[in-house]
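Quick notes on the structure that follows.
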Amino acid sequence: MKLRYSQVTPRHFYLNRRQFLSTAAIMTALPLKAAKLSNVSKTSYNVSGERVTSYDIVTAYNNFYEFGTGKDQPATLSRNFRASPWMIRIEGEVASPKTLDLDAVMRLAPLEERIYRHRCVEGWSIVAPWIGYPLSALLKQVEPNGKARYVAFESFYDPKQMWSPRQAGIAFPYVEGLRLDEAMHPLTLLAVGLYGETLPNQNGAPLRLVVPWKYGFKSIKSIARIRFVEREPGTTWARNWPEAYGFYSNVNPRKDHPNHSQSSEVRLGEPVLRSRRKTLMFNGYAEEVASLYGGMDLMRYY
Ligand SMILES: Nc1nc2c(c(=O)[nH]1)N[C@H]1C(S)=C(S)[C@@H](COP(=O)(O)O)O[C@H]1N2
Ligand SMILES: [Mo]
């Protein structure tokens with residue numbers, strides 16, 4: 001499958017882009033609108049087996065502090081976010097560091113749909129139909145060396161388009177990390193789409209992580225840089241409040257957050273009286289991922 005990013009870019013935008021390619025000012029003014037993704041494998045993988053949450057909820061109720069701390073703010077404040085052109089840098093403990101543009105990233109592996117549960121540490125959850133491919137396909141491109149034990153991720157940050165750290169109450173750029181085996185796990189998705197289209201800005205355009213067995217904040221949005229490192233990298237929420245957030249942050253109904261009980265969750269979009277459900281260990285993905293944490297005290301690494 002050869003998919004050029006131009007093929008998934010709305011025609012009017014693409015024509016404009018070619019027409020004005022040299023005019024940086026105009027490029028900056030043109031937001032990238034969601035466009036239909038073709039060539040997505042039909043074998044949609046629904047590991048949740050549950051009803052998909054509506055588009056209206058998943059794209060209107062968001063956490064994306066770069067575009068505001070209110071749930072409804074990212075959808076409005078990211079409307080003019082310039083997500084194209086995009087470059088992603090992959091470096092650190094690797095044989096061959098690489099800078100890829102979005103076309104290269106989109107062409108790297110066949111796109112597939114993955115329907116995953118998403119559980120936010122705040123106690124709400126959704127079921128979302130992501131489009132992407134296993135992150136491992138991207139990571140294999142750079143040949144990590146023997147020192148590489150963790151993968152550090154960094155979000156794009158532009159103070160001209162986004163809130164300041166003072167406004168948001170957290171440091172930017174947003175940073176996250178995974179142990180190498182977690183990053184290479186087949187469930188760990190590099191997502192470029194949602195509901196059959198390119199990612200809406202508020203959901204982390206143009207590419208984000210989706211790690212379904214961990215709390216939502218591990219699924220870092222709008223990734224600009226990936227680094228292979230030897231030591232456990234710092235992560236935004238663990239730095240901000242170490243007593244409440246750990247590096248691993250696997251969904252665990254028996255380990256409460258100081259402000260949020262984790263034993264149950266509210267499934268957004270369900271009738272109020274039936275919306276509360278029990279939270280599952282590893283968000284229901286224990287069969288696939290529990291073996292990653294063999295020797296670890298799960299009550300400590302949450
Ligand atoms: N860069 C960045 N990534 C982020 C966040 C953020 O504020 N900034 N919020 C996280 C949190 S707390 C959650 S629950 C999910 C929300 O993803 P969604 O809005 O697509 O549902 O994104 C995560 N990724
Ligand atoms: Mo979250």
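We're numbering straight along the sequence, starting at 1. As the structure lists them, so they are numbered: ligands from 1, and atoms in each ligand from 1.
Under 4.0 Å from ligand 1, heavy atoms of Tyr65 appear from its side chain as well as its backbone. In Ser155, the part holding a heavy atom less than 4.0 Å from any atom of ligand 1 is the side chain. Of all the heavy atoms of Glu122, none lies under 4.0 Å from any atom of ligand 1, so neither backbone nor side chain is involved. When heavy-atom distances to ligand 1 are checked against a 4.0 Å cut-off, Glu176 has no atom that comes that close, whether in backbone or side chain. Contact annotation: for Lys218 versus ligand 1, there are no heavy atoms closer than 4.0 Å.
Distances shorter than 4.0 angstrom occur between a heavy atom of Ser219 and an atom of ligand 1.
Side chain of Arg117 to backbone of Asn283: a donor-acceptor contact under 3.5 angstrom is found. At distances below 3.5 Å, not a single donor-acceptor pair connects side-chain atoms of Glu197 with backbone N or O atoms of Leu194.
Close approach of ligand 1 to Glu66 is summarised as follows: ligand atoms under 4.0 Å from at least one heavy atom of the residue are 1 (N), 2 (C), 6 (C), 7 (O), 8 (N). Listed by number with element, the atoms of ligand 1 under 4.0 angstrom from any heavy atom of Cys120 are 14 (S).
From the protein, the heavy atom lying nearest to atom 19 (O) of ligand 1 is Lys221 NZ, 2.7 Å. Considering only non-hydrogen protein atoms, atom 6 (C) of ligand 1 sits nearest to Tyr174 CE1, 3.4 Å. Remark: minimum distance from atom 20 (O) of ligand 1 to any protein heavy atom is reached at Arg208 NH1, 2.6 Å. In this structure, the protein non-hydrogen atom closest to atom 14 (S) of ligand 1 is His118 NE2, 3.3 Å. For atom 21 (O) of ligand 1, the nearest non-hydrogen atom of the protein is Ile126 CD1, 3.8 Å.
Heavy-atom contacts from other residues, nucleotides or ligands closer than 6.0 Å to CZ of Arg225 number more than 12.
Between Glu182 and Asn250, the shortest heavy-atom contact is OE2-OD1, 4.5 Å. Thr53 approaches Tyr195 most closely through the heavy-atom pair O-OH, 2.6 Å. Heavy atoms only, all atoms of each residue included: Ser155 and Ile220 are closest at OG-CG1, 3.1 Å.
Taking the six-membered ring for Trp, Tyr174 and Tyr65 have ring centres at least 6.0 Å apart.
Residues Met106 and Met87 do not share a hydrophobic cluster, defined by chaining ILVMFWY side chains whose heavy atoms lie under 4.5 Å apart.
In this structure, Lys71 pairs ionically with Glu122, as a charged nitrogen and a carboxylate oxygen lie closer than 4.0 Å.
No option in Phe81, Phe156, Trp163 other than Phe81 meets the ring-ring contact (aromatic ring centres under 6.0 Å, His included) test with Phe67.
With atom 9 (N) of ligand 1 as the reference point, the heavy atom nearest to it among Asn63, Thr59, Thr236 is part of Asn63.
For Trp124, no nitrogen or oxygen atom sits less than 3.5 Å from a nitrogen or oxygen atom of ligand 1, counting backbone and side chain alike.
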